[in-house]
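First the structure, in the form of structure tokens, and then the observations on it.
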Amino acid sequence: MARYNAQETEKKWQTFWDENAIFATPARCNDEKYYILEMFPYPSGRIHMGHVRVYTLGDVIARYKKAQGLDVLHPMGWDAFGMPAENAAIEQGVHPSKWTWDNIATMRRQLRSMGLSYDWSREIATCSPDYYQHEQTMFLDLLEADLAYRKESSVNWDPVDNTVLANEQVIDGRGWRSGALVEQRLLPQWMFRITAYADELLEGLPTLDQWPESVRTMQENWIGRSEGMQINFSLKGRDDHLTIFTTRHDTLFGASFCAIAPDHPLAKELASNNPKLANFIDECSQLGTTEAALEKADKVGFDTGLVALHPFNRKRELIVFVANFVLMNYGTGAIFGCPGHDQRDLDFARKYGLDVLPVVCPHSCAESEFIVTDKAFTGDGRLINSEFLNGLSVKDAQSAAAERLVQENQGATHTTYRLRDWAVSRQRYWGCPIPVLHCQECGIVPVPRNELPVLLPEDVEFDKPGNPLELHPTWKFIRCPRCGSPAVRETDTFDTFVDSSWYFCRYACPDAETPLDAHALNAWLPVDQYVGGIEHAILHLLYSRFFMRAMRACGHVEFDEPFTGLLAQGMVCHETYSDAKGWLFPEEVEPSQGGALVRRDNQAPVIVGRSESMSKSKKNVVDPETIIGTYGADTARLFILSDSPPERDIEWSESGIDGASRFLQRLWRMVNEPRVPLAAKDAPMPNNVEGPSLVLRRETHRAISDVTNDIEKFRFNRAVARIRELANMIAGFECDDECGSRVVREALETLVQLMGPMMPHIAEEMWQMLGYEPSILNYPWPKPDVGLIATETVTVAVQVNGKLRTTLTLRVDADQGAAKSQALAEPSVVASIRGRDIRKIIIVPNRVINVVV
RNA sequence: GCGGGUGUGGCGGAACUGGUAGACGCGCUAGGUUUAGGUCCUAGUGGCCGCAAGGCCGUGGGGGUUCGAGUCCCUUCGCCCGCACCA
């Protein structure tokens with residue numbers, strides 16, 4: 001029996017597609033365009049299953065849209081700057097540039113072996129000066145538009161490695177490489193003014209109706225707009241005051257303390273002559289910079305001895321604490337605590353023995369009976385213990401309190417955001433140089449545009465701790481272009497999120513001399529469908545949305561929203577393995593005789609960790625090249641599409657890949673050795689198709705309708721199931737008369753076209769075997785015959801008290817009265833009713849008849 | 001901790017807007033073909049009771065709304081993603 005040879009056939013069609021430029025981006029004339037984009041990969045070394053998943057998803061959409069006759073732009077590139085390249089340099093002594101470009105070469109080859117429909121002529125790599133020089137131009141534009149500025153901000157400093165650490169490099173407060181205790185250090189940083197667009201970014205969300213609701217909600221919460229008040233509390237014995245932000249000024253009479261952030265200027269000032277406080281602040285900073293760590297930590301405070309006076313009653317004195325749960329970068333970095341109506345404040349008050357005075361009484365509760373014990377009341381109610389606010393609702397009390405505070409000049413309404421400005425400085429080598437310099441005389445000077453690009457020097461060493469740009473003997477030192485005085489280059493490079501905030505625009509005009517070409521942008525942008533991991537739901541997508549608005553302000557683009565549709569695909573997860581020396585790849589591990597996992601090389605025991613999203617840092621990745629080498633790309637693609645819907649996380653397992661492979665063999669045999677002889681290619685369809693042939697025809701056209709619908713809605717797992725059903729139907733078809741031959745040809749041709757976007761190589765091969773000229777993509781997507789889809793009968797469930805008793809086969813839209821009597825005559829129905837009175841009968845036409853007794 | 005998800009047979013999952021739970025596949029069981037075989041074909045496969053007809057139970061746990069709940073509401077548990085310097 002002949003077998004389908006995936007290796008040979010896949011190579012054949014990949015060569016054909018290349019030589020005939022099947023995936024060249026069409027020049028836009030007047031046809032409808034479709035820009036399909038998957039998030040570009042970081043060139044970490046080799047592709048992993050997460051890549052296979054996302055690029056397969058995108059490719060199915062791209063090929064389907066092309067078959068629908070749209071002008072498709074489907075590009076690919078590399079998010080090529082970033083930390084791992086520098087780690088490789090330190091650990092393996094390879095230059096980041098070489099490491100990155102080698103990885104790109106490997107991964108490009110691997111992606112090509114998947115048979116993805118990219119226009120490779122538009123490939124970009126962010127580490128190439130061809131790309132990053134334009135980013136430097138745009139930065140100068142942002143600087144002129146006052147959307148970029150410099151500000152001190154706190155970073156994780158490793159005093160031994162002399163370097164800034166990413167949060168993930170800080171483990172239990174220590175540097176991952178040096179093990180040194182990490183310090184918080186203030187460094188001047190370049191920032192992007194994303195907060196200037198907070199409202200616009202918020203307002204844009206409802207227009208993104210082709211995004212998942214969950215992502216929009218996450219962004220909304222991330223921006224975190226809240227309307228409240230800034231209130232000034234006088235400080236006893238001082239001339240200045242403490243400004244706090246609150247959204248609950250209605251509970252002001254319930255205040256029992258104030259708290260400021262450990263890095264609040266006032267805290268620093270008080271600490272200068274209070275060593276204990278200085279020590280406390282120091283301890284707070286040990287927690288690091290991540291919000292999760294701060295929020296999870298025990299709530300602790302330090303009594304500064306300072307006293308704030310209640311704005312409505314200056315006789316009431318409130319202790320000012322420094323507290324670890326108050327964040328400097330939210331609001332004003334200072335709060336008043338109302339333990340009765342805020343859980344965190346309540347926990348804090350109980351811990352430090354502070355008053356708990358309830359000021360909002362629930363509507364359902366008498367004032368005398370309302371007490372707060374260990375649960376703060378945050379709902380609506382009426383005000384109590386609050387002088388002029390007594391009796392008011394929360395909302396009315398807020399207005400009244402606000403009015404009084406404004407009147408007495410003690411506060412003002414204020415809107416604050418959780419969103420902070422975007423820190424884009426990185427004290428690292430492998431990134432886009434920030435094109436400014438620091439002159440002894442003039443201060444910060446932008447690099448003149450005619451001197452761009454500022455190229456990253458290649459001759460750097462990684463043998464000393466710290467940023468190699470900082471230590472470079474010549475690159476760093478320069479003369480000021482304005483005054484000629486000695487100056488140094490900015491040695492910070494950009495956060496790689498900057499690179500990925502506009503790459504999708506550059507694909508439209510990869511060779512333009514300016515950053516972006518208006519004509520090309522208007523032709524292709526925005527991206528119609530973006531596909532990528534849900535882990536990017538907030539930062540990357542929000543930064544890109546901001547960047548488009550910033551670019552619009554600078555005249556580079558004419559639209560706001562970069563991505564019309566978003567498919568946020570779930571993670572590919574896998575168990576993690578480790579031993580004393582660190583993480584292990586799954587292929588370094590094998591089951592021992594006892595069943596426990598051991599190292600393949602020395603049989604040493606392995607710790608099996610829980611399943612997590614595949615990531616290079618934890619080595620819990622499966623090598624797709626092995627899978628593709630063994631089974632072929634089509635099988636890998638089919639497998640990855642088959643079971644789970646795209647949005648869901650999938651657990652990688654080897655089981656099932658054999659099944660996918662068998663299905664491919666089966667499909668191929670159906671055309672290679674058809675059970676029923678196939679009619680000639682152009683033979684007309686007889687007009688008296690009936691019996692089993694009619695059944696197959698109907699099934700074929702229903703499959704067209706269902707699969708089309710499923711692909712449109714990205715339910716590829718269902719589309720695969722539907723294709724399998726059609727294949728099963730064809731395989732069981734035995735009618736070998738003239739009519740059957742014609743119908744089975746139609747069914748097979750349909751099958752091949754429907755599976756084409758998912759299994760493109762074997763589909764091209766089968767299409768050719770059916771007598772057609774390649775490429776299958778040049779043939780229009782099949783359309784269902786509506787007359788054949790319509791059904792004549794339906795199966796209706798018959799229930800008694802909601803429990804299924806039997807089913808009836810009825811004509812569609814059958815007479816309800818007749819259906820009712822037929823149902824009541826059913827023996828199983830009669831038996832279930834057992835002579836009881838029928839109270840009512842609910843009939844849902846074509847679905848259910850429910851007898852209630 | 002906060003925000004967003006998610007939970008259905010032995011396994012991955014299906015079930016459109018509240019209307020026959022388990023499509024499709026993996027695995028497993030039995031039979032058959034050819035073969036030395038992992039190939040291929042046929043049948044079966046949620047659990048319990050029953051010779052059978054059939055019955056009862058069943059969508060993480062508990063409660064509720066409804067003629068009817070996997071689907072809606074409340075509550076609770078597990079897991080996943082994000083939390084601003086991983087990408």
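Computed from a predicted model, the values in this text were never measured in an experiment. Every chain is numbered from 1, with letters handed out A, B, ... down the list of sequences. We use all heavy atoms of the structure for the numbers below, so side chains are in, but hydrogens, waters and symmetry mates are not.
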Choose from [options] the nucleotide whose nearest atom is closest to any side-chain atom of [X].
| X | options | value |
| --- | --- | --- |
| A:R3 | B:U39, B:U20, B:A23 | B:U39 |
| A:N221 | B:A87, B:G3, B:C85 | B:G3 |
| A:S644 | B:C81, B:G3, B:G13 | B:G13 |
| A:R648 | B:A14, B:C67, B:G3 | B:A14 |
| A:E535 | B:G82, B:G19, B:U20 | B:G82 |
| A:F497 | B:U39, B:G4, B:A87 | B:A87 |
| A:M571 | B:C83, B:C81, B:G19 | B:C81 |
| A:Q427 | B:C85, B:U20, B:A87 | B:C85 |
| A:E295 | B:C85, B:C67, B:G1 | B:G1 |
| A:S214 | B:A84, B:G5, B:C40 | B:G5 |

Using a 4.0 Å heavy-atom cut-off, does [X] contact any base of the nucleic acid, only the sugar-phosphate backbone, or nothing at all?
| X | value |
| --- | --- |
| A:S828 | nothing |
| A:N850 | base |
| A:R722 | nothing |
| A:T795 | base |
| A:W422 | nothing |

**Request:** Determine, for nucleotides 47-53 of chain B in 5'-to-3' order, which nucleotides have protein heavy atoms under 4.0 Å from the base (write B), from only the sugar-phosphate (write S), or from neither (write -).
**Result:** -------
N/O contacts under 3.5 Å, protein versus nucleotides 16-18 of chain B?
| residue | atom | partner | partner atom | Å |
| --- | --- | --- | --- | --- |
| B:C16 | N3 | A:R847 | NH2 | 3.1 |
| B:C16 | N4 | A:R847 | NH1 | 2.4 |
| B:C16 | N4 | A:R847 | NH2 | 2.2 |

**Donor-acceptor pair present, A:Q799 side chain and B:C67 base, under 3.5 Å** = no
**Message:** Looking at the base of B:G12, is there any donor atom on it, or on the side chain of A:D643, that sits under 3.5 Å from an acceptor on the other one?
**Reply:** yes
**Rounded distance in Å between the C1' positions of B:G54 and B:U76** = 38 Å
**Asked** Are A:W430 and A:T100 linked by a side-chain donor-acceptor pair shorter than 3.5 Å?
**Response** yes
